[in-house]
Enquirer: 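After the structure tokens below, expect a handful of questions from me.
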Amino acid sequence: MSSSVITRFAPSPTGFLHIGGGRTALFNWAYAKNRGGKMLLRIEDTDRERSTPEAVDAILDGLTWLGLDWDGEAVSQYARASRHREVAEILLAKGHAYRCYCSPEELQAMREKAEAEKRPVRYDGTWRDRDPATAPAGVKPVIRFKSPQQGETVIEDHAQGRVVFQNKELDDLIILRSDGNPTYNLSVVVDDHDMGVTHIIRGVDHLTNAARQTQIYKAMGWHVPEMTHVPLIHGPDGAKLSKRHGALGVEAYRAMGYLPAAMRNYLARLGWSHGDDEIFSTEQMVDWFGLDAIGKSPSRFDFVKLENLNGHYMRGTPDAELLAAFITFLPHVAGGPEMLGRIDAGMKAKLLRAMPGLKERAKTLVDLMKSAQFLFAERPLTLDDKARQIMADGGVAALTALLPVLEATEWNVQSVEAAVKAHAEATGAKLGKLAQPLRAALTGTSTSPGIFDVLDVLGRAESLNRIADALKSG
RNA sequence: GCCCCCUUCGUCUAGUGGCCCAGGACGCGGCCCUCUCACGGCUGAAACAGGGGUUCGACUCCCCUAGGGGGCGCCA
């Protein structure tokens, strides 16, 4: 079992789970499942200033909504700080690290000077070889990693291929802050090692870190995990996704009415592919998923395609299941709680009955909410502009003639349909001349599921009354 | 500025030297179905960033240019 795969998703709790993070989690999850391994969850909360418990909750909630689970408890990186310090001390003892007494101001000046002189911005190694005895009094030092100055560090990356960094390009990074707290690159290495992580899958923005981390692994004599750096997801316009530009938390996608299964399918196709397959179940994804089919170029997020995919999933979801999803969705959308409050057993039955016609026309749960509106409407209905136009353009006359026919008809889909069609034939009118006015009167709009289904779901009394209402006000 | 990476239809992508005058999907146009809107079916337009090589033969390999992205914190 020691050879089994262990991946991890390691978000920092400084905000919601954004779409790129969601995909990274999905890839880690899918790979672990594919290999019969485990996916661990580690919260990278060593930045005490910016980490919040609310963000941790939001991330967990986002993952759960996406349908991604993890093995064991979520690990707090901050809780492991003493172990990180211990490793920093070991590195120090082994001569792979040293104390640096430069102040933040000096470092800032160093950076600015380098920038002004158009030189690479790096730590100059001032304290690398200086005698600690010359240390200024009263200054709390940081510990820096003594990075190799010659040779190269190679990453054999499953997505990026072989990436070579010249060691001279990598400066001596701080691994322990002057307040004794570890920094990211140290913590990650220690945790991934201690947690037995075999495969690291994360965004390419970590590629340079991968080189630095590799050096730390080697200095400790530890085995370096397999690496996969996934290209980033950009906004629809190709610009980088950022908090003020299009980056949404996964809960925003929930509020937009997307189904988790559709989300997973869509995200899987961003940067990963399996031949020409576009629509596949999560089981198939797990079955097919592999690191070497991950591409190298960034992709754009395309809402139109997501919407189309979501429509597929909506139509493919059994009515009762979709109704359940709809009900759990309502609390998350504007106007949803109000609608939810009006869903009793009777309304549930109506929704279920109307679902085949409703879901056929909806791309999102928000669409479903809108198109189901007519079931909730109370008499007398307010007609929208198009509906009113239909009534004005002969609708009133058509319904006036049709009403007695309906009143005399047995109420079920078949007989109502037969009656309306017979009436159309008898009067020489096209079915549309009757269906549209009916739709206007019954739903207050010009679009809806098949009109005979509407008649059926609404029931005889309600249907007849709505028609009478429309005739009165028309 | 320095380092690393990327570049196939508008978008997501297939393609690993000949199967490709480049395939699929979304979107877009047309037609059909039709009580509206959708769905569905058929059909059409639409791409190998540019330039050099290598090779009998390049979307596929190499180099250069251009464009794009990522990184360069006592953030993660």
Side-chain angles (χ1 to χ4, degrees), chain A residues 10-14 44-47 49-51 77 100 102-104 107-108 111 114-123 140-144 155 157 160-161 163-166 168-171 173-179 181-185 187-188 203-209 211 229 231-232 234 236 238-240 266 269-279 295-302 304-309 311-312 315 357 359-363 367 371 386 390 417 420-421 424 430-440 443 445-452:
Chain A
S12 64
T14 55
E44 313 236 304
D45 51 0
T46 53
D47 184 342
E49 303 279 306
R50 299 195 296 160
S51 299
Q77 184 159 65
C100 166
C102 289
S103 68
L107 295 174
Q108 184 60 31
R111 270 193 289 273
E115 217 156 294
E117 292 171 8
K118 305 201 173 200
R119 282 186 295 108
V121 179
R122 293 191 205 109
Y123 175 65
K140 293 202 119 198
V142 299
I143 295 181
R144 281 185 188 271
I155 314 284
D157 192 280
Q160 303 295 323
V163 184
V164 180
F165 289 89
Q166 295 305 313
K168 63 175 198 281
E169 305 292 343
L170 273 9
D171 62 357
L173 76 168
I174 292 171
I175 53 178
L176 206 67
R177 300 177 170 98
S178 53
D179 67 0
N181 281 125
T183 60
Y184 170 74
N185 279 298
S187 305
V188 171
V204 262
D205 48 335
H206 285 288
L207 196 56
T208 313
N209 288 328
H229 288 88
L232 305 183
H234 292 157
K240 186 195 177 183
Y266 179 72
R269 285 288 293 106
L270 239 37
W272 176 79
S273 61
H274 182 263
D276 282 342
D277 295 306
E278 294 286 347
I279 298 178
K296 302 169 94 166
S297 46
S299 47
R300 298 183 187 199
F301 195 93
D302 184 359
V304 179
K305 188 160 183 175
L306 203 213
E307 206 153 275
N308 172 277
L309 234 199
H312 262 276
R315 294 191 294 278
K359 73 179 182 185
E360 189 72 18
R361 294 163 173 78
K363 287 191 158 57
D367 289 349
S371 60
K386 283 181 183 168
I390 290 167
E417 175 165 0
V420 174
K421 284 188 171 165
K430 294 189 92 176
L431 188 52
K433 288 293 176 195
L434 296 175
Q436 280 307 80
L438 272 176
R439 190 156 1 241
T443 70
T445 70
S446 58
T447 66
S448 81
I451 198 62
F452 305 113

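Residue numbers start from 1 in every chain, and the chains themselves are labelled A, B, ... in the order their sequence lines are given, proteins ahead of strands.
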Enquirer: Return the set of residues passing side-chain contact (heavy atoms from CB on, under 4.5 Å) with Val204(A) (not counting sequence neighbours), or none when no residue passes.
Expert: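 Applying side-chain contact (heavy atoms from CB on, under 4.5 Å) to Val204(A) gives Gln160(A), His229(A), Leu232(A).
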
Enquirer: Checking base pairs now: Watson-Crick or wobble, both atom distances under 3.5 Å. What partners G1(B)?
Expert: C72(B)

Enquirer: Establish, with yes or no, whether the OP1 or OP2 oxygen of C12(B) is under 4.0 angstrom from a side-chain nitrogen or oxygen of Ser299(A).
Expert: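 Indeed not, no polar side-chain atom of Ser299(A) lies that close.
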
Enquirer: Determine the Euclidean distance between corresponding P atoms of U7(B) and U16(B); express it in Å to zero decimal places.
Expert: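 Rounded to whole Å, the distance is 16 Å.
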
Enquirer: When rounded to the nearest Å, what value does the distance between C1' atoms of A22(B) and G15(B) take?
Expert: 8 Å

Enquirer: Pick the closest RNA chain B nucleotide for Val163(A) and for Asp47(A) by heavy atoms, then say which residue is nearer the 5' end.
Expert: Val163(A)

Enquirer: Answer whether the closest heavy-atom distance between the side chains of Asn185(A) and Ile175(A) falls below 4.5 Å.
Expert: no

Enquirer: Within the structure, does a side-chain N or O atom of Thr183(A) lie under 4.0 Å from either OP1 or OP2 of A76(B)?
Expert: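 No, outside the criterion.
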
Enquirer: Could you list the residues that satisfy side-chain hydrogen bond (donor to acceptor under 3.5 Å, both in side chains) with Ser297(A), not counting sequence neighbours?
Expert: none

Enquirer: Nearest to the side chain of Val142(A), which nucleotide is it out of A76(B), G70(B), C74(B)?
Expert: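 Side chain of Val142(A) sits closest to C74(B).
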
Enquirer: Taking only residues two or more places apart in sequence or in another chain, which ones pass salt bridge (Lys or Arg N to Asp or Glu O under 4.0 Å) with Asp157(A)?
Expert: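 So Asp157(A) forms no salt bridge (Lys or Arg N to Asp or Glu O under 4.0 Å) with any residue.
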
Enquirer: What contact category does Asn181(A) fall into here, base, sugar-phosphate, or nothing, at under 4.0 angstrom with non-hydrogen atoms?
Expert: nothing

Enquirer: Tell me the interatomic distance from Phe165(A), atom CZ, to G71(B), atom C1', rounded to whole angstroms.
Expert: 8 Å

Enquirer: Each nucleotide in nucleotides 58-69 of chain B should get exactly one letter: B, S or -. Can you fill that in based on protein heavy atoms under 4.0 Å?
Expert: -----------S

Enquirer: Which residues satisfy the salt bridge (Lys or Arg N to Asp or Glu O under 4.0 Å) test with Lys359(A), sequence neighbours excluded?
Expert: Asp319(A)

Enquirer: Nearest-Å distance, CZ (Arg50(A)) to C1' (G73(B))?
Expert: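 Rounded to the whole Å, the gap is 10 Å.
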
Enquirer: Apply side-chain hydrogen bond (donor to acceptor under 3.5 Å, both in side chains) to Arg300(A) and list each qualifying residue two or more places apart in sequence or on a separate chain.
Expert: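 Listed in chain order: nothing, the list is empty.
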
Enquirer: Work out how far the P atom of U60(B) is from that of G40(B), and round it to whole angstrom.
Expert: 36 Å

Enquirer: Would you measure the distance from the C1' atom in A49(B) across to the matching atom in U8(B) and give it in whole Å?
Expert: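 Comparing C1' positions in A49(B) and U8(B) gives a spacing of 10 Å.
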
Enquirer: Using a 4.0 Å heavy-atom cut-off across all strands, classify Ser187(A) as base, sugar-phosphate, or nothing.
Expert: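 Answer is nothing: Ser187(A) stays at 4.0 Å or more from every strand.
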
Enquirer: Can you check whether Lys296(A) has a side-chain N or O nearer than 4.0 Å to OP1 or OP2 of C6(B)?
Expert: yes

Enquirer: So what does Val164(A) hit on the nucleic acid, given a heavy-atom distance under 4.0 Å: a base, only sugar-phosphate, or nothing?
Expert: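 Sugar-phosphate, backbone atoms only, no base.
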
Enquirer: Whole angstroms only, please: what is the CD-P distance between Glu49(A) and A76(B)?
Expert: 11 Å

Enquirer: When the nearest nucleotide of RNA chain B is assigned to Arg144(A) and to Gly271(A) on a heavy-atom basis, which residue is associated with the more 5' position?
Expert: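 Comparing both residues, the 5'-ward one is Gly271(A).
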
Enquirer: Rounded to the nearest angstrom, tell me the gap between atom CG in Asp157(A) and atom C1' in G70(B).
Expert: 13 Å

Enquirer: If you measure from the C1' atom in G68(B) to the same atom in G50(B), how many Å do you get, rounded?
Expert: 15 Å

Enquirer: Between Arg50(A) and Asp45(A), is the side chain to side chain contact (heavy atoms under 4.5 Å, CB included) condition met? List the steps.
Expert: CA-CA 8 Å; Arg50(A) 299 195 296 160; Asp45(A) 51 0; over 6 Å; no

Enquirer: Report the residues that fulfil ring pair (Phe, Tyr, Trp, His ring centres under 6.0 Å) with Phe301(A), sequence neighbours left out, ordered by chain and then residue number.
Expert: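 Listed in chain order: Tyr253(A), Tyr266(A), Phe303(A).
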
Enquirer: What's the CG-P distance between Asn209(A) and C3(B), to the nearest Å?
Expert: 19 Å

Enquirer: Just the rounded figure in Å: distance from P of U13(B) to CG of Leu309(A).
Expert: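 Computing the Leu309(A):CG to U13(B):P distance gives 13 Å.
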
Enquirer: Sequence neighbours excluded, which residues qualify as side-chain hydrogen bond (donor to acceptor under 3.5 Å, both in side chains) partners of Arg122(A)?
Expert: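 side-chain hydrogen bond (donor to acceptor under 3.5 Å, both in side chains) list for Arg122(A), sorted by chain: Glu169(A).
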
Enquirer: Under a 3.5 Å cut-off for both distances, is C42(B) Watson-Crick or wobble paired, and to whom?
Expert: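 WC or wobble partner is G30(B).
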
Enquirer: Go ahead and name the base partner of C20(B); Watson-Crick or wobble counts if both distances stay under 3.5 Å, otherwise write none.
Expert: none

Enquirer: Checking Asn308(A) now: which residues fulfil side-chain contact (heavy atoms from CB on, under 4.5 Å) with it, not counting sequence neighbours?
Expert: His312(A)

Enquirer: Could you please name the partner base of A25(B), counting Watson-Crick and G-U wobble pairs only when both distances are under 3.5 Å?
Expert: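 Base-paired to U11(B).
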
Enquirer: Taking the P atom in each of A25(B) and C39(B), what is the distance between them to the nearest angstrom?
Expert: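 Here A25(B) and C39(B) have their P atoms 15 Å from each other.
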
Enquirer: Is there any protein nitrogen or oxygen under 3.5 Å from a nitrogen or oxygen in nucleotides 41-44 of chain B, and what are the pairs?
Expert:
none

Enquirer: Holding to side-chain hydrogen bond (donor to acceptor under 3.5 Å, both in side chains), I want the full list of residues that pass it with Ser187(A), two or more places apart in sequence or in another chain.
Expert: His84(A)

Enquirer: Measure the distance from CD on Glu117(A) to C1' on C72(B) and round it to the nearest whole Å.
Expert: 17 Å

Enquirer: Apply the test side chain to side chain contact (heavy atoms under 4.5 Å, CB included) to residues Phe165(A) and Ile155(A): give CA-CA distance (whole Å), side-chain angles for both, the deciding distance (0.1 Å), then the verdict.
Expert: CA-CA 8 Å; Phe165(A) 289 89; Ile155(A) 314 284; 4.2 Å; yes

Enquirer: Please state the C1' separation for the pair G10(B) and C3(B) - nearest whole angstrom.
Expert: 33 Å

Enquirer: Applying side chain to side chain contact (heavy atoms under 4.5 Å, CB included), run through Thr445(A) and Lys386(A) and close with a yes or a no.
Expert: CA-CA 7 Å; Thr445(A) 70; Lys386(A) 283 181 183 168; over 6 Å; no

Enquirer: To the nearest Å, give me how far apart CD (Glu169(A)) and P (C2(B)) are.
Expert: 11 Å

Enquirer: Is Ile174(A) touching bases, backbone alone, or none of the nucleic acid, heavy atoms closer than 4.0 Å?
Expert: base

Enquirer: Kindly check if the number of other-residue, nucleotide or ligand heavy atoms within 6.0 Å of CD (Glu49(A)) is above 12?
Expert: no

Enquirer: Could you run down nucleotides 23-38 of chain B 5' to 3' and tag each one B, S or - for protein heavy-atom contact under 4.0 Å?
Expert: BBBSS-------BBBB

Enquirer: I'd like the C1' distance from A14(B) over to C56(B), given in whole Å.
Expert: 27 Å

Enquirer: Can you tell me the base-pairing partner of A58(B)? Count Watson-Crick or G-U wobble geometry only, both distances below 3.5 Å, and say none if there is no partner.
Expert: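 None - no nucleotide pairs with A58(B), as no candidate has both distances under 3.5 Å.
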
